[in-house]
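Just so you know, ligand 1 is whichever comes first in the structure, and atom 1 is the first atom listed for that ligand.
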Amino acid sequence: MNSFVLTCNPAADHTAPYGAEQSAVLAAEQMRAAAVEIRGWPGYRPTALVSLPGLAAALGIAALHYKDEGTRFGLGSFKPLGGAYAVFRAVAGKIAEWSGKAPSSRELLDGASRDLVRKITVCAATDGNHGRSVAWGARTFGCRCVIYITESVTPAREQAIAAYGAEVVRNPGSYDDAVRAVAARAGREGWLLIPDTSDGAVVDAPRDVMAGYTLMAEEAIAQLPDAEPPTHLFLQAGVGGMAAAVCAKFWQTFASRRPFTICVEPRQCACWYHSLVAGHPLAVTGEIDSVMAGLACGEVSLLAWSILRTGADAAMTVEDPLALAAMRLLAKAPHGDRPLVGGESGVAGLAGLLAVAGDQQARASIGLDHGSRVLLFGTEGDTDAENYNRLVGRSGAEVRQSAAVFDGESR
Ligand SMILES: Cc1ncc(COP(=O)(O)O)c(C=O)c1O
């Protein structure tokens, strides 16, 4: 079996402006509003954009940058940017309904409307990171939280969600089954549903989730050397919210100078790959488990679809062992770069790059060459520390220790 499959998106429209269709999903103003709120939260700091010149040279490209989301708000992944921001927006909306005025997140953090906020329950389905982020948002803003997890979520990931005070319900079946089960319960109980995916009926929360994610891309753009756009983005996709948000921010900022954007998914759950090839959303069913648990989704988010339908230039699938190789490569840093802790789902973009870089035909098909500058979003660190240790053969703490030594030596 090939370790990857790559195809260009027949509907890609690289020279089209970020127009009305895209702005209807995610407008520049919504991206800005999210950035303003999130920057005011306690513990906010841009995550590091790490240059990997040794690996870039080994792969035959000019530059490689890795946005390391493992330190985001102490949650280990980029997810609090989206889930917790959507919790804030939902809570503020409910307070506005009751009191006539929507509070800012600063006002909520300072205890405004505390008694009203306590009456609110937010809920979500998750295969790990989104639930942790919603639970963290609920605790941060003071409301109740119920999280539905799938059968395959590890006990460590379950405990990480419960640690933020959320009630956790283990639901039989897949991620998509959990999405439906929690939506039905929210309807019955009057809870505020915070999905990170949209079936077309629920749009506000998934839009807020995507708006929050765009801050990660905005930070990266500011951190890139000479503010020059990269030539390529390899973006891992589950329901596609992250890839769509990043694509949207680069599209809106750089118009036709935006990078060539490749969606990367595990082969077993490649709903984006199959949907882009078909030209319409297609669900993937059956056994969709992957070591890249955060990407194990069988259905695309329809909001994300509206952006990536023409915004994604290519789609590819990778096999699980490629992700493991990418995790180990980052940890070991054999080309003299800074060692990095990249989790299973967080390294899928790198896995895609590794696969393409070693294949002349694939390189040519996406224009990857010695002048290319690639940007990756390392969307999680060791969010499941035990699993990370088992898969990489070293703990995240040990890798961070070698990174600290590297930093000391390069100072
Ligand atoms: C670490 C990580 N990266 C990427 C993704 C993909 O995000 P999306 O589902 O928005 O495509 C997820 C989703 O849970 C994730 O946990």
What pairs of donor and acceptor atoms, side-chain ones from residues 185-194 against any protein atom, are under 3.5 angstrom apart with sequence neighbours left out?
from, atom 1, to, atom 2, distance (Å)
R185, NE, E189, OE2, 3.1
R185, NH1, Y148, OH, 3.0

Please tabulate, line by line, the atom pairs linking an N/O of ligand 1 to a protein N/O at a distance below 3.5 Å, with the distance in Å to 0.1, or answer 'none'.
from, atom 1, to, atom 2, distance (Å)
ligand 1, 3 (N), T379, OG1, 2.7
ligand 1, 9 (O), V239, N, 3.0
ligand 1, 10 (O), G241, N, 3.0
ligand 1, 10 (O), M242, N, 2.9
ligand 1, 11 (O), G238, N, 2.7
ligand 1, 11 (O), V239, N, 3.3
ligand 1, 11 (O), G240, N, 2.7
ligand 1, 14 (O), K79, NZ, 3.3
ligand 1, 14 (O), G294, O, 3.3
ligand 1, 16 (O), N129, ND2, 2.8

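Counted by atom type alone, E380 and N129 present one or more donor-acceptor pairs between their side chains at under 3.5 Å. With no hydrogens or angles considered, no side-chain donor-acceptor pair links S306 and Q22 at under 3.5 Å.
Ring centroids of F377 and F78 are separated by 6.0 Å or more, keeping the two rings apart.
Considering CG of D337 and CG of L52, their distance stands at 4.5 Å, rounded to 0.5 Å.
T150 is not listed as a side-chain neighbour of N171, based on a closest heavy-atom distance of 4.5 Å or more.
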